[in-house]
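To keep things clear, I will list the structure first and then write my remarks on it.
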There are 2 protein chains.
Amino acid sequence: MSQIAVMEKKNSHLVDQSALLTRDMDAAAASRLSALLAKNLRRVQVGADIVAEGEDAPTILLVLEGWVALNKSLQNGQIQTIDLFLASDIILPTSGDALVSAYDVHALTDVVVSSISRVELDDLEISDPPKMWSAVRTHEARARARVAERTLRLGQASAETRLAYALIELCLRLEGAQHIPKDAFDLPLTQQQIGEYSGLSSVHVCRTLRRLSRQGLIDTSENNRVVITDIQGLAGIADAELDVLRSELLAPDV
Amino acid sequence: MSQIAVMEKKNSHLVDQSALLTRDMDAAAASRLSALLAKNLRRVQVGADIVAEGEDAPTILLVLEGWVALNKSLQNGQIQTIDLFLASDIILPTSGDALVSAYDVHALTDVVVSSISRVELDDLEISDPPKMWSAVRTHEARARARVAERTLRLGQASAETRLAYALIELCLRLEGAQHIPKDAFDLPLTQQQIGEYSGLSSVHVCRTLRRLSRQGLIDTSENNRVVITDIQGLAGIADAELDVLRSELLAPDV
DNA sequence: CGGCCATTTGAACGCGCTCAAGCGCGGTGG
DNA sequence: CCACCGCGCTTGAGCGCGTTCAAATGGCCG
């Protein structure tokens, strides 16, 4: 067995995440795409940038494992996290000009990603039907819904509401196939990073989390872990309805 | 001439905006799509909702004339404008479930729109190559860039920066084909609505606009009209570089 | 044990909000 | 014609939420 073949075997469970891209493709096209993704597999350590702002960026970036933040920052260094991505999510790091990234794509944990560059995409397009874009559109619709809900609260709601919402959002996104909220989960973000996500200072994140915790809504005693003890109460503070939110954020693949 | 034919003639300059969708299609497909858009043409008055939150929504909504706001609101009635759309922009009002809108789509001026519903889209897809999606993706990339830039400032920047940025953004989007910023333009928003766009109260919008005006950066003496008198200065306060921003927001159609 | 980083808590400031009153302008009707 | 609205803009006063600065505490690893 060649070294590459061994590597591909070892990583096969990761590339399986790409099933969402290859679905509906004919077998030949699907295997060509899988091979491309296996070739472009990349492991990135916690805290490193997967793509830096202003760098050349792939057109499509696939998260296979770990947590990824899409960040933008002001000249004074203040960071805002535009969106968070988990395993199986699709990141489109380029804005209009389709070459250079307008964002920092940051590894919040050790991460495994794969990617498709613009030229590779053009090569595929020649031979493969663009069924793939349908999956990309679904993911983009979910991302739009997430960003809109967060923007609403960032612009109009209190710190308590913003944080409660962030927790509810992550809780729902992590719930997976079975439709029960995952009310206890690892949250590999520092309070600083939670603040970057919700537009708050780390100090105020701390205060507000403790307040939620004192109200008996969450339990943060274990480090880097959140237990939601009263999801209805938390959803109330987040100004969210769980069912509605779920249908927005977890829309099925079309 | 039949009445419908007359109407289609009268509206032809509007449907021409759809050239961006039909580009690269073969003539037959293009004319079928144009006919569909002409059939679905709709005029909406200032202040009316084009699509209300929770209603069935078209998959693609095309703005042919006027200004449109994509709004979300909290239970207490507070409104946040997620994005603004001008003539020739494409709105994707559905989130995940692809049927019901998660937004209010609101006419800020008298507006002409057209739309393609999910079923119409499926019908087209059968016969027409999905070249159209390429245009949609381009527009979506621009929309993502806009939302990201605004989210960054909504989360991290002062009222002055947010407002300066909003003006710069609109100024660039209105500049059109020639690459000179349109430094004087009609702004058909009340200060209340500017506040909904930038996450500020109408009172503070007023104060901040006056401050910008006192600094000699803008002139708002004429009602519903903005003249940018020092675009470099304004860009400085907005924490933006005009060239970079332009390439993000006005990316060419691929 | 010491060193480092994240979290926690306190104190004080200030930006942007709310409440409230006044102003300017266009439209309507006596 | 002017009186009278109604709506949006303007300005003032005061408050409160979230910030910054600072110091103390806690947890993890060398």
Side-chain angles (χ1 to χ4, degrees), chain A residues 45-47 67 69 74 76-80 108-109 153-167 186-215 218-227 237 239, chain B residues 45-47 67 69 74 76-80 108-109 153-167 186-215 218-227 237 239:
Chain A
Q45 286 191 336
V46 200
W67 291 52
L74 296 172
N76 63 12
Q78 304 249 88
I79 296 172
Q80 175 70 39
L108 294 168
T109 64
R153 288 165 180 82
L154 192 54
Q156 304 294 334
S158 68
E160 216 170 13
T161 299
R162 284 188 240 170
L163 271 183
Y165 175 78
L167 295 177
D186 291 321
L187 184 64
L189 306 192
T190 64
Q191 293 184 347
Q192 172 71 38
Q193 290 165 330
I194 297 174
E196 291 165 4
Y197 191 46
S198 48
L200 298 169
S201 69
S202 63
V203 173
H204 206 59
V205 168
C206 177
R207 280 191 229 281
T208 310
L209 283 180
R210 316 233 89 235
R211 204 183 318 151
L212 291 176
S213 151
R214 250 178 279 121
Q215 293 174 54
I218 61 174
D219 175 13
T220 56
S221 55
E222 209 175 332
N223 220 355
N224 278 342
R225 193 168 174 79
V226 176
V227 180
I237 290 185
D239 211 322
Chain B
Q45 287 191 338
V46 200
W67 290 52
L74 295 171
N76 64 12
Q78 304 248 89
I79 295 172
Q80 175 68 38
L108 293 168
T109 64
R153 288 165 181 82
L154 192 53
Q156 305 294 335
S158 68
E160 216 171 12
T161 299
R162 285 188 239 170
L163 271 183
Y165 175 79
L167 294 177
D186 291 321
L187 184 65
L189 306 192
T190 64
Q191 293 185 347
Q192 172 71 38
Q193 289 166 331
I194 297 174
E196 292 164 3
Y197 191 47
S198 48
L200 298 170
S201 70
S202 62
V203 173
H204 206 59
V205 168
C206 176
R207 280 190 228 282
T208 310
L209 283 179
R210 316 232 89 234
R211 203 183 320 151
L212 291 176
S213 151
R214 250 178 279 122
Q215 292 173 54
I218 61 174
D219 175 14
T220 55
S221 56
E222 210 175 334
N223 220 356
N224 280 342
R225 194 168 173 77
V226 175
V227 180
I237 290 185
D239 212 321

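Note that the coordinates shown come from a computational prediction; the quantities given were computed from them, not determined experimentally. Every heavy atom of this structure was used, including side-chain atoms; hydrogens, water molecules and symmetry mates were not. A, B, ... follow the sequence lines: proteins, then strands. Residue 1 opens every chain.
- Rounded to a whole Å, the CZ atom of Arg153(B) is 15 Å from the P atom of dG16(C).
- Thr220(A) is not listed as a side-chain neighbour of Leu187(A), based on a closest heavy-atom distance of 4.5 Å or more.
- Residue Gly195(A) is classed as having no contact, given no heavy-atom separation below 4.0 Å to the nucleic acid.
- Protein atom CD of Glu222(B) is 12 Å distant from nucleotide atom P of dG26(C), rounded to whole Å.
- For DNA chain D, the contact window with chain A, defined by any atom under 4.0 Å from a protein heavy atom, covers dG18(D) to dC21(D) in 5' to 3' order.
- Between Asp239(B) atom CG and Thr161(B) atom OG1 the span is 6.5 Å, to the nearest 0.5 Å.
- With rounding to whole Å, Gln78(B) atom CD is found 10 Å from dC17(C) atom C1'.
- Nearest heavy atom pair, residue Gln156(B) against residue Ile79(A), reads NE2-O, 2.9 Å.
- You'll find the side chain of Thr208(A) stays beyond 4.5 Å of the side chain of Arg162(A), heavy atoms only.
- Without hydrogens or angle criteria, Asp186(B) side chain to Pro188(B) main chain gives no donor-acceptor distance under 3.5 Å.
- Distance, Leu154(A) CG to dG16(C) P: 14 Å, rounded to whole Å.
- Here dC17(C) presents its P atom at 14 Å from CG of Asn76(B), a figure rounded to the nearest Å.
- To the nearest 0.5 Å, the span separating CG on Leu163(A) from OH on Tyr197(A) amounts to 11.5 Å.
- One atom, CD1 of Ile194(B), and another, P of dG16(C), lie 16 Å apart when rounded to the nearest Å.
- Within residues 202-211 of chain B, the residues approached by DNA chain D to less than 4.0 Å at the level of any non-hydrogen atom are Val203(B), Cys206(B), Arg207(B), Arg210(B), in residue-number order.
- A heavy-atom distance below 4.5 Å is not found between the side chains of Val226(B) and Leu209(B).
- For dT8(C), one of the phosphate oxygens OP1 or OP2 lies less than 4.0 angstrom from a side-chain nitrogen or oxygen of Gln191(A).
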Using residues 198-205 of chain A as the side-chain source, report each donor-acceptor pair under 3.5 Å to any protein atom, sequence neighbours left out, with the distance given to one decimal.
unit_1    : atom_1 : unit_2    : atom_2 : d
Ser198(A) : OG     : Ile194(A) : O      : 2.7
Ser201(A) : OG     : His204(A) : N      : 3.2

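- Heavy atoms of Ser201(A) sit under 4.0 angstrom from at least one base atom.
- Comparing Asn223(A) and Arg214(B) by the nucleotide of DNA chain D that holds the closest heavy atom to each, the one mapping nearer the 5' end is Arg214(B).
- To the nearest 0.5 Å, the span separating CZ on Arg207(A) from CZ on Arg211(A) amounts to 9.5 Å.
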